[in-house]
Amino acid sequence: GDLNEDPPPVLQLHLKRFEYDFDRDTRVKINDRYEFPETLDLDNGDRKYLSQSSDPSKCNLYKLHSVLVHSGGTHGGHYFAFSRPDGCQWLRFDDEKVTRVDSTAAIEEQFGAQPSSGRGMVPGFNNSLGARVARTSSAYMLVYVREEEWDSIMCPVPDSDIAPHLHKRIQAEEERMAKERRERDEAHHYRLVRVATLQDMHAHVGDTVHYDLVDWTKVREWKVRKETLLSDFKLQLARDVGHEEAGVRRLWFYDTLPNKSRRPSTPVPPDHDSRRLADVGPLTSTPHTRRSTSLDLWLEDPSIPGASASLNEVKLVFLKHYNAREGRLFLRSARLLAPSTSIDLVARSLASKVGLPEDKIELLEEVRSDLHTQSNWEVLDRSKELAVMSLGHGDIIVSQELFTEAEAAAILRPTVLEYMDYVSLRRIVTLKPLPDTKSEGVKVDILGNANYESIAAAVAEKLGCDWQKLRLTLHSTYASRPRQDPVRWQDNRTLDGMLRSSTPPGEAPVLYYEVLKLPLLQVENLREFTVTFYDLQTKEVKTERLEVEKSLTVRDLLTSPGVQRDGDLQLPLKLLEVRDSEISKVFEDDTKLEDVTGRSDYWQLLAMPTGEDSEGDGDRDCSLLRVVHIPPDITANVKPFGVPFVMTVGPQETAAQVRDRIQRRLAVPPADFATWQLYVMHQLRKPEEIAETEIVVQRFSKRKSIDGDGYTRLAEQTCLGLAHANKGPKPRVKRPAPRDGSDRPMKIG
């Protein structure tokens, strides 16, 4: 590795615990055993870790200060750390918990691999049987501090050394945490009291609330000691709301009714004034619920008609009106009505208030708040009375205009049921353009049951573009960025189905969009390929980025006008899939392009001529052979290099004849080519040399049937290896070696 010229006072070492396994095409975590010492001497071994220009007078003895640990795998886990600020006592920092531990837990148990003793076994496993369970917890970063500079680095930090803005922030954080601790310690002495008013209902209905009456997140609340009498709280309420009469106005319990709606259900009895707040609650509450839940009340407004009447003679009802022409639902008022009041009288009164003819208004009862169907509504018979329709305290009557069939056709949502369905399905989605994902974006209302076409139409209307040229991409909650694959035109999910996996609970949904030059359906029928073209000598000619219809074939791709523009390519061409200088696939000419991988970070698409000059060229007995370059040091794990290629081989061609054709094709000087050797390459086996007089195709695995391009293919697990020195440029990035899952012990220091 690299030699260090001037090691720093604080030395941070990163242990490579993650890598990409190219054989399994996945990321893996390396839990192998990495031993690291408590003291690290870089001067050890005649200063082999340091360059010759390093200062020999400086002592490079380091002491372990911190161990950063990852527990888990590649798809999830947990990070924590061990540290000893004083140089002696190890502490474990795990989220908000800090605990003392010994050096064994901080060092030896973080080496990885199997535990060396009973400590660290998986809980619940029968460890008495002597079995060892591999750890998922292991160190991934180490922090060492030079011993002779330990005291100067770990010195106390006075307030004067802390930047003023940081000092102020730390102080505010400490005060906030102290306040939260006090509140937690005293929480059992207090009860939260929330009081809603008629003004709250007017403000919330049709804005944040459509079902029921109040948005409790916006209602004023008081934190009152549980020993406080209700009468004392009512006086405090009167002072706080600025109306002395509030202390004598009637309070109602806000309760959950049997149909799961929340309404003012019963008035607070006068004898409750002498009770503690801890004992105040509706009849449906229990001592346990009164201790653990808030007390929700409704303060009756003196402007309500019938407010002075005895509650034995009236019922409290709330009146909403749906204006279909404006698409708006709002609260009209609350009333105390006698049970004998007729529905017709209420309808005529409401009609005059909203300016409608008496015969053009309809009344419905809003029954349940958790259902968005017809069963949530009951049409009230105008010929009957409130008592007959079973209307009681807290019930809601909704009025709406009646339309003829022609009038209703001209209105978007002519009934309150259609409006409520819209409200229940409405999703406010933030649209952000690609690639500018940091922008605030714009918000648009889309129904949760909308299909892709309806979603695109709603987005396009907001953006002012052609919806057919709009492409949408979902948000990745795991990576906190747009997903790699956009939503396809044929996606049959609804908006809710799309957002279910892309929107964390409690967060606003996000969609990313692109405006394409072509309609999306046409774009999705195209496939994009990046193909590098080579000549017979495997010299690169050009790289083309091609967009073609995926219904076409490989033959169509390789013979398209965009490929052979200036006659710079030799035909016919074969399309190859290459990874790490090995041919993983040779595509037949009639292969559909939808079965060809277009882009990848791990393999390339190459196109090159086959060099059909073997004996019997064009004969169906010819075989298509894969050829790779390998180093002369032959091992079972040999790694190819350079650009592989394919060639045809006749049924009776010898190794000498094939060698001669390869030499002419690659234009290698005869003196250099004399040192090249031919080998049969088998998967997971050591390459076998071919004698000059041997028939080449007889050394390979069983032949496959003749395919559509006229050649017989040999088994894909075999190829011809050209063993010679690699005189080409070395790759700048070395691929990680494949792992076999076994542990490879390694010691540092």
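In this text the structure is predicted, and so the values were computed from the model without any measurement.
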Going by an N to O cut-off under 4.0 Å, is there a salt bridge joining R471 and E514? yes
Judged by atom type as modelled, is there a donor-acceptor pair below 3.5 Å linking the side chain of R659 to the main-chain atoms of F673? yes
Under the salt bridge (Lys or Arg N to Asp or Glu O under 4.0 Å) test, residues paired with D55 that sit two or more places apart: none
Could you tell me which non-hydrogen atom of P9 sits nearest to which non-hydrogen atom of Y62, and how far apart they are? O-CE2, 3.6 Å
Is it true that a side-chain atom of R626 and a backbone atom of V646 form a donor plus acceptor pair closer than 3.5 Å? no
Residue pair R527 / K550: nearest heavy atoms and the distance that separates them: CG-CB, 3.2 Å
So which atom in A655 and which in L678 form the shortest heavy-atom distance, rounded to 0.1 Å? O-CD2, 4.0 Å
With side chain to side chain contact (heavy atoms under 4.5 Å, CB included) as the test, would you mind laying out the steps for V638 and M681 before giving the verdict? CA-CA 9 Å; V638 65; M681 304 280 292; 3.7 Å; yes
Using a 4.5 Å cut-off on heavy atoms from C-beta on, say whether the side chain of F587 contacts that of D595. no
Side chain to side chain donor-acceptor pair (under 3.5 Å), that's the test. Do D672 and H724 meet it? Break it down for me. CA-CA 9 Å; D672 293 339; H724 62 93; over 6 Å; no
Beyond-backbone contact of F533 with L573, side-chain heavy atoms, under 4.5 angstrom: yes
If every non-hydrogen atom of M647 is compared with every non-hydrogen atom of I662, which pair is closest and at what distance? SD-CG1, 3.8 Å
Carefully, step by step, assess D580 and K639 under the rule side chain to side chain contact (heavy atoms under 4.5 Å, CB included). CA-CA 8 Å; D580 296 334; K639 297 298 179 184; over 6 Å; no
Indicate the atoms forming the closest heavy-atom contact of Q657 with Q652, along with that distance. OE1-O, 3.9 Å
Report yes if some heavy atom in the side chain of T553 is under 4.5 Å from a heavy atom in the side chain of D589; otherwise report no. no
Do Q522 and L516 come within less than 4.5 Å of each other through their side chains, counting heavy atoms only? no
In plain terms, say whether K58 and E148 are close enough for a salt bridge, that is, a side-chain N and a carboxylate O under 4.0 Å apart. no
Side chains of S551 and K592: does their closest heavy-atom pair fall under 4.5 Å? no
Does K29 reach the main-chain N or O of G72 with its side chain, forming a donor-acceptor pair under 3.5 Å? yes
I'd like to know if the side chain of R481 and the backbone of T437 have a donor-acceptor N/O pair within less than 3.5 Å. no
Using 0.5 Å steps for rounding, measure from the CG atom of L666 to the CG atom of L536. 9.0 Å
Residues that A667 engages under side chain to side chain contact (heavy atoms under 4.5 Å, CB included), provided they are two or more places apart: Q537
To the nearest 0.5 Å, what is the distance between CG (N525) and CG (L518)? 11.5 Å
Under a 4.0 Å threshold between the charged nitrogen and the carboxylate oxygen, would R33 count as salt-bridged to E35? yes
Test log, rule side chain to side chain donor-acceptor pair (under 3.5 Å), inputs Q110 and S137: CA-CA 7 Å; Q110 308 312 321; S137 174; 3.3 Å; yes
Quickly, which of F111, F18, F80, Y79 forms a ring pair (Phe, Tyr, Trp, His ring centres under 6.0 Å) with Y140? Name it, please. Y79
Do E544 and L557 touch side chain to side chain, with heavy atoms closer than 4.5 Å? no
Can you tell me how far CZ of R555 sits from CG of L575, rounded to the nearest 0.5 angstrom? 12.5 Å
Chi angles and distances behind the side chain to side chain contact (heavy atoms under 4.5 Å, CB included) call for E147, T39: CA-CA 9 Å; E147 281 200 350; T39 58; 3.9 Å; yes
Please evaluate residues V67 and L142 with respect to the criterion side chain to side chain contact (heavy atoms under 4.5 Å, CB included), reporting the C-alpha separation (whole Å), side-chain torsions for both, the decisive distance (0.1 Å), and the verdict. CA-CA 5 Å; V67 180; L142 308 173; 4.1 Å; yes
I'd like to know if R545 and E528 make a salt bridge, using a cut-off of under 4.0 Å between side-chain N and carboxylate O. yes
Point-to-point distance, once rounded to the nearest 0.5 Å, from CG of L720 to NE2 of H629: 10.5 Å
Flag, side chain of R146 to backbone of C59, donor-acceptor distance under 3.5 Å: yes
Has T532 got a side-chain atom pairing as donor or acceptor with T543's backbone, closer than 3.5 angstrom? no
Just verifying a value: how many Å separate R84 CZ and I107 CD1, rounded to the nearest 0.5 Å? 6.0 Å
Which residues share a side-chain hydrogen bond (donor to acceptor under 3.5 Å, both in side chains) with Q663, sequence neighbours left out: none
If you round to the nearest 0.5 Å, how far is CZ of F645 from OG1 of T610? 11.5 Å
Quick check: do C719 and I583 have side-chain heavy atoms less than 4.5 Å from each other? no
Using every non-hydrogen atom in the two residues, find where S502 and T477 come nearest and quote the distance to one decimal. O-CG2, 3.3 Å
With the side chain counted from C-beta on, respond yes when W489 and V523 share a heavy-atom pair under 4.5 Å apart, and no when they do not. no
